[in-house]
Amino acid sequence: SYTVNLATGAMAFTFSEIVSRSSLLLTALTFQSAANSSSSGSYTLTGGSVTVTNDSNILFATLTAADILAIYDVSTLAIDINSTYVTYTSQFVTDLFSLTAVPRVNGVSALKA
């Protein structure tokens, strides 16, 4: 699961097991306005930073100002909880055994805020 605060750029991710904080790749994460979204209703992050120092099942990150502004520029995206979904590739994060994340796929398994 995850939470996001676009006013501050803060994100929190909760995983079912401990993951490697250094493996979190925010550029593998796409925000979209629906579970099955067209490219015009989505935005893939270009950066950001991890704000925790230890491996954990909860990781915190901060989005870049440019990404926050770009998300706001998509008129249908992140208006409320019903228009805030994420998808990600298997490169998004790895666990302590270097196993990659199970991807969240547009139209199949997008994750609602």
Quick check against the 3.5 Å criterion: does [X] have a side-chain atom that pairs as donor or acceptor with the backbone of [Y]?
X      : Y      : answer
Asp80  : Ser83  : yes
Arg104 : Leu111 : no
Asp67  : Thr46  : yes

**Request:** Would you sort out whether Leu45 and Phe31 count as a side chain to side chain contact (heavy atoms under 4.5 Å, CB included), showing the intermediate values?
**Result:** CA-CA 8 Å; Leu45 297 179; Phe31 279 89; 3.9 Å; yes

**Asked** In terms of ring plane angle, is the pair Phe92 and Phe13 parallel, tilted or perpendicular, where the classes change at 30° and 60°?
**Response** perpendicular

Treating Ile, Leu, Val, Met, Phe, Trp and Tyr as nodes and any side-chain heavy-atom pair under 4.5 angstrom as an edge, say whether [X] and [Y] lie in one connected cluster.
X     : Y      : value
Leu6  : Ile79  : no
Tyr43 : Val105 : no
Ile58 : Val4   : yes
Val19 : Leu99  : no
Phe60 : Leu25  : no

Heavy-atom closest contact ([X] atom, [Y] atom, distance):
X     : Y     : result
Asn54 : Leu59 : O-CD2, 4.1 Å
Arg21 : Asp55 : N-OD1, 3.0 Å
Ser23 : Thr94 : OG-N, 2.9 Å
Gly41 : Thr76 : CA-OG1, 3.9 Å
Ala78 : Thr84 : CA-OG1, 3.1 Å
Thr62 : Leu26 : O-CD1, 4.3 Å

**Asked** Of Thr89, Leu63, Val86, which meets side chain to side chain contact (heavy atoms under 4.5 Å, CB included) against Leu29?
**Response** Val86

State the [atom1]-[atom2] distance between [X] and [Y], to the nearest 0.5 angstrom.
X     : Y     : atom1 : atom2 : answer
Ser42 : Leu77 : OG    : CG    : 8.0 Å
Tyr88 : Ser90 : OH    : OG    : 10.5 Å
Ile18 : Asn57 : CD1   : CG    : 6.5 Å
Phe15 : Ser1  : CZ    : OG    : 9.0 Å

**Request:** Return yes if a side-chain donor-acceptor contact under 3.5 Å exists between Asn106 and Gln32, otherwise no.
**Result:** yes

